[in-house]
Amino acid sequence: MSGKNQWVVPVNGGKQWGVRGQGNDRITSVHDTQQEAIERARNIAINQRSELIIQRRDGQIRERNSYGDDPFPPKG
């Protein structure tokens, strides 16, 4: 069973970065740099076998990585 997808999102007007589980209202953790937030979110996503979604400051999705049970080779 996989956990919640983890999002890296800008917080505090884009001055810091937060990690948030998908569907959660509250931020799990806040970091001074995006890289610190990515590392934390990646660890959670690996442990929960879920997906990591990274946003840019403008809210656009920058990158997605899956740490779940992806089929190999992918279908289609």
Side-chain angles (χ1 to χ4, degrees):
M1 180 172 192
S2 62
K4 292 183 177 183
N5 293 340
Q6 298 299 308
W7 287 74
V8 174
V9 297
V11 295
N12 299 329
K15 296 176 184 173
Q16 292 180 306
W17 294 91
V19 175
R20 180 191 324 244
Q22 186 162 332
N24 292 354
D25 292 330
R26 295 177 57 181
I27 298 285
T28 303
S29 59
V30 176
H31 306 271
D32 289 330
T33 68
Q34 188 182 44
Q35 188 58 42
E36 290 172 350
I38 290 169
E39 289 170 11
R40 177 69 178 126
R42 181 178 290 125
N43 287 335
I44 295 170
I46 289 169
N47 287 336
Q48 294 189 2
R49 303 180 62 80
S50 61
E51 191 166 342
L52 167 63
I53 300 109
I54 304 167
Q55 288 185 330
R56 294 186 173 109
R57 285 193 200 280
D58 65 4
Q60 293 285 328
I61 293 176
R62 176 185 124 178
E63 187 177 335
R64 296 176 83 112
N65 292 303
S66 179
Y67 299 98
D69 292 323
D70 293 336
F72 186 84
K75 293 180 182 179

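Residues passing the salt bridge (charged side-chain N to carboxylate O under 4.0 Å, His left out) test with Arg64, sequence neighbours excluded: Glu51. Residues passing the side-chain hydrogen bond (donor to acceptor under 3.5 Å, both in side chains) test with Arg62, sequence neighbours excluded: Gln34. Listed by chain and residue number, nothing satisfies the side-chain hydrogen bond (donor to acceptor under 3.5 Å, both in side chains) test with Asp25 (two or more places apart in sequence, or in another chain). Thr28 meets the side-chain hydrogen bond (donor to acceptor under 3.5 Å, both in side chains) test with no other residue; sequence neighbours excluded. With sequence neighbours excluded, the residues that form a side chain to side chain contact (heavy atoms under 4.5 Å, CB included) with Glu63 are Ile54, Asn65. Evaluation of the side-chain hydrogen bond (donor to acceptor under 3.5 Å, both in side chains) rule for Asn24 yields Lys4 as partners, not counting sequence neighbours.
Other cluster members for Trp7: Val9, Val11, Ile27, Val30, Ile53, Ile61, joined by side-chain heavy-atom distances under 4.5 Å among Ile, Leu, Val, Met, Phe, Trp and Tyr. Through direct or indirect side-chain contacts shorter than 4.5 Å among Ile, Leu, Val, Met, Phe, Trp and Tyr, Ile44 is connected to Val19.
Heavy atoms only, all atoms of each residue included: Ser29 and His31 are closest at OG-NE2, 2.8 Å. Nearest heavy atom pair, residue Ser50 against residue Gly3, reads CB-O, 3.5 Å. Between Pro10 and Arg57, the shortest heavy-atom contact is CG-O, 3.7 Å.
Separating the CD atom in Gln48 from the OH atom in Tyr67 is a distance of 13.5 Å, to the nearest 0.5 Å. Rounding to the nearest 0.5 angstrom, the gap separating the CH2 atom in Trp17 from the CD atom in Gln35 is 11.5 Å. From Arg20, atom CZ reaches atom CD of Gln6 across 11.0 Å, with rounding to the nearest 0.5 Å.
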